[in-house]
Participant: 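Handing you this structure, nothing more for now.
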Amino acid sequence: MDEIYKKIKDLRLQNGYTLKELSERTDLSISFLSQVERGTTSLAITSLKKIANVLNVKISEFFEYDKPNQNFMVKSSEHKPFNIKGSEFTYVREWSLRLLKV
């Protein structure tokens with residue numbers, strides 16, 4: 001959630017809005033918006049939608065993060081197979097946490 005709060009503040013500043021202006025355009029209180037940007041309150045999806053509309057972004061943009069490449073390899077000799085009770089198959093976890101039958 002911290003990324004969402006930070007993104008709201010960054011977009012507000014990029015648009016040149018004060019908290020008061022954003023408040024007037026979203027019908028959300030200045031104190032609430034301030035708490036949102038500081039991450040001290042929860043944010044309903046309806047409020048996030050109002051903010052996104054005023055800031056001219058899709059609501060989905062708040063959930064897209066630039067993360068460093070997190071790909072890694074695990075040698076097959078280091079795979080730890082496991083069984084699930086009641087299943088006839090043996091499984092191995094991939095890096096993405098999907099299960100593969102082996």
Side-chain angles (χ1 to χ4, degrees):
M1 290 297 290
D2 288 338
E3 291 89 0
I4 293 173
Y5 302 140
K6 181 180 180 333
K7 196 162 213 168
I8 290 170
K9 184 174 184 176
D10 290 345
L11 287 168
R12 176 180 63 80
L13 294 173
Q14 286 173 19
N15 281 278
Y17 294 142
T18 63
L19 281 172
K20 183 179 181 193
E21 290 169 322
L22 186 60
S23 171
E24 291 168 352
R25 294 170 188 258
T26 59
D27 291 324
L28 301 170
S29 73
I30 295 171
S31 61
F32 173 74
L33 291 169
S34 176
Q35 290 174 0
V36 166
E37 288 187 356
R38 289 182 283 123
T40 60
T41 189
S42 59
L43 180 62
I45 198 77
T46 53
S47 298
L48 184 59
K49 180 67 174 147
K50 288 180 182 182
I51 294 168
N53 288 343
V54 169
L55 298 175
N56 285 327
V57 295
K58 294 179 182 176
I59 197 168
S60 61
E61 189 168 320
F62 292 105
F63 302 99
E64 297 168 358
Y65 308 115
D66 294 327
K67 293 185 179 180
N69 187 349
Q70 295 181 353
N71 292 333
F72 60 90
M73 293 178 51
V74 178
K75 295 178 185 176
S76 60
S77 61
E78 295 174 2
H79 288 187
K80 296 181 179 157
F82 63 95
N83 294 43
I84 297 175
K85 187 175 180 178
S87 173
E88 61 185 274
F89 301 104
T90 300
Y91 297 90
V92 175
R93 281 196 178 95
E94 282 188 331
W95 69 271
S96 65
L97 299 178
R98 289 183 296 158
L99 300 178
L100 296 177
K101 294 179 188 174
V102 287

Participant: For the NZ atom on K9, are there more than 12 heavy atoms of other groups (residues, nucleotides or ligands in this structure) within a distance under 6.0 Å?
Facilitator: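 Open: at most 12 neighbouring heavy atoms sit under 6.0 Å from NZ of K9.
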
Participant: Please answer whether the main-chain N or O of T41 pairs with a side-chain N or O of Y5 as donor and acceptor at a distance below 3.5 Å.
Facilitator: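 Yes, the answer is positive, given that a donor and an acceptor are paired below the 3.5 Å cut-off.
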
Participant: Restricting to side chain to side chain contact (heavy atoms under 4.5 Å, CB included), what partner residues turn up for E24, sequence neighbours left out?
Facilitator: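 Applying side chain to side chain contact (heavy atoms under 4.5 Å, CB included) to E24 gives K20.
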
Participant: Using distance only, find each side-chain donor-acceptor pair of residues 51-59 under 3.5 Å and give its atom names and separation, not counting sequence neighbours.
Facilitator:
from, atom 1, to, atom 2, distance (Å)
N53, OD1, K49, NZ, 3.2
N53, ND2, K49, O, 3.4

Participant: How many angstroms lie between CG in L33 and OH in Y17, if you round to the nearest 0.5 Å?
Facilitator: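 So the gap between those two atoms works out to 13.0 Å.
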
Participant: Membership question, hydrophobic clusters at under 4.5 Å side-chain separation (ILVMFWY): are L48 and I30 in the same one?
Facilitator: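 Yes, I30 connects to L48 through the hydrophobic network.
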
Participant: Any salt bridge (charged side-chain N to carboxylate O under 4.0 Å, His left out) involving residues 29-43? Give me the pairs, sequence neighbours left out, ordered by first then second residue.
Facilitator: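 Passing the test, one end in residues 29-43: R12-E37.
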
Participant: Would you say that I8 contacts L43 through its side chain, given a criterion of any heavy-atom pair below 4.5 Å between the two side chains?
Facilitator: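 In short, these two side chains touch, coming nearer than 4.5 Å.
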
Participant: Atom CZ of F32 and atom CG of D27: how far apart are they, to the nearest 0.5 Å?
Facilitator: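 The distance works out to 12.5 Å.
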
Participant: Quick one: CG on L19 to OG on S29, what's the gap to the nearest 0.5 Å?
Facilitator: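 If I round to the nearest 0.5 Å, the distance is 10.0 Å.
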
